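Being a predicted model, the structure only gives us computed values, none of them experimental.
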Amino acid sequence: MDPYKMSPESLMMTHGYTPEWSEGAVKTPLFLTSTFVFKTAEEGKAFFELAYGIREKDEEEQLGLIYSRINNPNLEILENRLCLWDKAEDCAVFESGMSAISTTLLEFLKPGDLLLFSSPTYGGTDHFINHFLKKIGVESLGFYPHQSKEEIIELIEKSGKKEKLHHIYIETPANPTNDLIDISMCRDIADHFSTAEKKIRVTVDNTYMGPLWSNPLKYGADLVIYSATKYIGGHSDVIAGAVLGKSEELKRVKTLRTFLGNMASPHTCWLLLRSLETLKVRMEQQAKNALDVALYLNNHDSIEEVSYLGLLDEASSSYSLFKEQYTSGGAMISFYIKGGEMEAFRFLNALKLIKLAVSLGSTESLIQHPASMTHAGVCPELKKQMGIKDNLIRLSVGVENSKDLIEDIKQALNTM
Ligand SMILES: *Cc1c(COP(=O)(O)O)cnc(C)c1O
């Protein structure tokens with residue numbers, strides 16, 4: 001059976017799992033074991049030869065189970081299932097989105113290299129790039145969502161460090177503004193500066209739109225990263241991350257993961273396997289609800305402006321990019337309330353159903369104030385440039401009945 005012939009949602013309950021190996025259990029058991037028994041010493045030797053790259057894998061050979069830092073059935077089944085959504089050759093799951101991001105950047109960058117990244121990026125990623133990577137001698141150069149290919153190429157040329165460029169890291173849509181970055185354009189920039197000796201890789205943090213609504217590998221990305229804490233986990237009860245791409249790249253990421261020891265635990269994987277069964281129905285309902293809520297906000301007198309991908313102006317250049325690289329408006333809405341921090345806080349404090357918390361992509365709707373919360377650490381200059389004003393509010397829409405969400409927003413706005 002060719003898994004790529006069926007839709008991923010049809011395979012999320014069964015792919016990669018053989019009930020006969022687990023007493024016929026329909027569901028994947030939780031394999032709480034640190035180590036695995038070898039049938040013979042010869043088998044143990046063969047497994048280690050593959051694990052340490054002492055010899056190449058035979059055609060039909062699989063890496064046997066050795067030790068849960070290297071592999072575990074829950075980890076492997078989860079990785080196999082995640083591959084289906086992005087049509088990736090391989091996947092590595094981590095104990096957090098940040099460990100997926102930091103391990104990937106550490107594997108593909110070394111002191112002296114230059115990293116080009118889209119700004120603003122997730123706070124943790126930004127800190128890792130501007131503090132940790134900087135400390136070990138990896139330089140970075142940020143660009144903004146609306147800069148053109150020519151402008152970015154000029155930026156790199158003018159930096160005087162184009163020979164050092166090794167990696168492009170982007171996050172699209174940008175958080176919290178929903179600005180889009182063209183993935184194909186980043187591929188072109190990478191190819192423009194790549195040489196016979198040096199392949200510049202493109203990594204996309206697809207947490208906001210994946211794996212359902214955008215698949216960056218299709219548009220030329222080499223690696224796609226998720227905070228699986230968000231839509232993939234989807235219930236605000238687990239922290240996890242994933243990296244997907246070609247086997248060649250993933251082999252390197254997994255090797256570093258083995259030595260950093262930041263793979264996801266069997267329990268984390270088991271929770272994510274459960275989440276994946278409902279991924280599509282959850283995300284589709286969230287996007288449907290988000291459109292209802294965005295339309296309501298868009299017509300409300302107390303709201304200055306709404307930024308939602310499902311409501312892009314059809315005449316804008318963002319719209320054609322959106323149509324090309326995304327299949328849904330998603331479930332993230334940003335909006336400017338009339339007034340400043342005081343009005344924003346008054347509104348947030350008056351909500352009853354929608355929870356005041358950071359994070360996103362979960363079954364429950366979550367709302368927060370970027371300027372003082374998720375983006376509190378962004379310098380005032382960049383905040384201004386990015387439109388992260390005191391009256392900006394970010395809402396992640398859940399699976400509740402959209403009528404109840406709208407009622408909650410309405411009563412909170414009425415208190416203003
Ligand atoms: C949450 C998030 C991360 C970090 O993931 P963790 O699972 O919290 O470590 C990275 N990127 C984006 C876009 C996120 O939303």
message: As a quick check of understanding, evaluate side chain to side chain donor-acceptor pair (under 3.5 Å) for Gln325 and Ser184, giving each step before the final call.
response: CA-CA 9 Å; Gln325 298 179 2; Ser184 311; 3.2 Å; yes
task: List the steps, then state whether ring pair (Phe, Tyr, Trp, His ring centres under 6.0 Å) holds for Trp85 with Tyr226.
output: CA-CA 12 Å; Trp85 297 95; Tyr226 293 103; over 10 Å; no
- request: Take Thr103 and Asn262, measure what side chain to side chain donor-acceptor pair (under 3.5 Å) needs, and give me the verdict at the end.
  value: CA-CA 9 Å; Thr103 304; Asn262 53 0; 2.8 Å; yes
Side chain to side chain donor-acceptor pair (under 3.5 Å) assessment of Thr268 paired with Ser265: CA-CA 5 Å; Thr268 294; Ser265 73; 3.1 Å; yes
field: Derivation and outcome, side chain to side chain donor-acceptor pair (under 3.5 Å), residues Asn80 and Glu76
entry: CA-CA 6 Å; Asn80 290 340; Glu76 293 195 340; 6.0 Å; no
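In this structure, Thr33 has no side-chain hydrogen bond (donor to acceptor under 3.5 Å, both in side chains) partners at least two apart in sequence or on a different chain. Not a single side-chain hydrogen bond (donor to acceptor under 3.5 Å, both in side chains) links Ser118 to another residue, sequence neighbours left out. For Lys162, the side chain to side chain contact (heavy atoms under 4.5 Å, CB included) test picks out Ile156, Glu157, Phe193, with sequence neighbours left out. In terms of the side-chain hydrogen bond (donor to acceptor under 3.5 Å, both in side chains) criterion, residue partners of Asp113 (sequence neighbours excluded) are, by chain and number, Lys110, His166. Residues passing the side chain to side chain contact (heavy atoms under 4.5 Å, CB included) test with Ser307, sequence neighbours excluded: Asn178, Ser334. A search for side-chain hydrogen bond (donor to acceptor under 3.5 Å, both in side chains) contacts involving Thr177 returns Asp179, not counting sequence neighbours. Evaluation of the side chain to side chain contact (heavy atoms under 4.5 Å, CB included) rule for Ile239 yields Ser96, Thr229 as partners, not counting sequence neighbours. Residues passing the side chain to side chain contact (heavy atoms under 4.5 Å, CB included) test with Leu133, sequence neighbours excluded: Leu105, Leu106, Leu109, Leu115, Phe128, Ile129, Ile136, Val138.
A donor-acceptor contact shorter than 3.5 Å is absent between the side chain of Ser214 and the backbone of Gly210. Here the side chain of Asn72 pairs a donor or acceptor atom with the backbone of Phe31 at under 3.5 angstrom. At least one donor-acceptor pair under 3.5 Å links the side chain of Gln286 to the backbone N or O of Val397. Of the possible polar contacts, none joining the Arg257 side chain to the Ser99 backbone as a donor-acceptor pair under 3.5 Å is found.
Rounding to the nearest 0.5 Å places CD1 of Ile354 at 11.5 Å from CD of Glu364. If you take CG on Leu223 and CG on Leu250, they are separated by 6.5 Å, rounding to the nearest 0.5 Å. Between Met13 atom CE and Thr28 atom OG1 the span is 11.5 Å, to the nearest 0.5 Å. Separation of atoms CD1 (Ile183) and CG (Asp188) is listed at 12.5 Å; rounding is to 0.5 Å.
Residue pairs meeting the salt bridge (charged side-chain N to carboxylate O under 4.0 Å, His left out) criterion with at least one partner in residues 222-237, sequence neighbours excluded, are Arg187-Asp222, Lys199-Asp222. Residues in residues 29-38 take part in no salt bridge (charged side-chain N to carboxylate O under 4.0 Å, His left out) pair, two or more places apart or across chains. Residue pairs that meet the ring pair (Phe, Tyr, Trp, His ring centres under 6.0 Å) test with at least one member in residues 262-303, sequence neighbours left out, are Tyr296-His300.
Classified by interplanar angle (parallel below 30°, tilted 30° to 60°, perpendicular above 60°), the ring pair Tyr231/Trp213 is perpendicular.
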Atom pairs and distances, donor-acceptor, side-chain atoms in residues 368-380, under 3.5 Å, two or more places apart:
from, atom 1, to, atom 2, distance (Å)
Gln368, OE1, Thr374, N, 3.4
Gln368, OE1, Thr374, OG1, 3.2
Gln368, NE2, Thr374, OG1, 2.8
His369, ND1, Ser372, N, 3.4
His369, ND1, Ser372, OG, 2.6
His369, NE2, Asp390, O, 2.7
His375, NE2, Asn175, O, 3.0

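For the 3.5 Å distance criterion, the side chains of Thr172 and Tyr326 qualify, holding a donor opposite an acceptor.
The number of heavy-atom neighbours closer than 6.0 Å to CG of Asp301, taken from other residues, nucleotides and ligands shown, is 12 or below.
Of the charged side-chain nitrogens involved, at least one lies within less than 4.0 Å of a carboxylate oxygen, so that Lys27 and Glu277 count as a salt-bridged pair. Taking 4.0 Å as the cut-off between side-chain N and carboxylate O, Glu154 and Lys158 count as a salt-bridged pair.
The shortest distance between side-chain heavy atoms of Glu343 and Lys338 does not fall below 4.5 Å. A 4.5 Å side-chain heavy-atom check between Ile189 and Lys149 finds at least one atom pair inside the cut-off.
Considering every non-hydrogen atom in both Leu116 and Ile152, the closest pair reads CD2-CG2, 3.9 Å.
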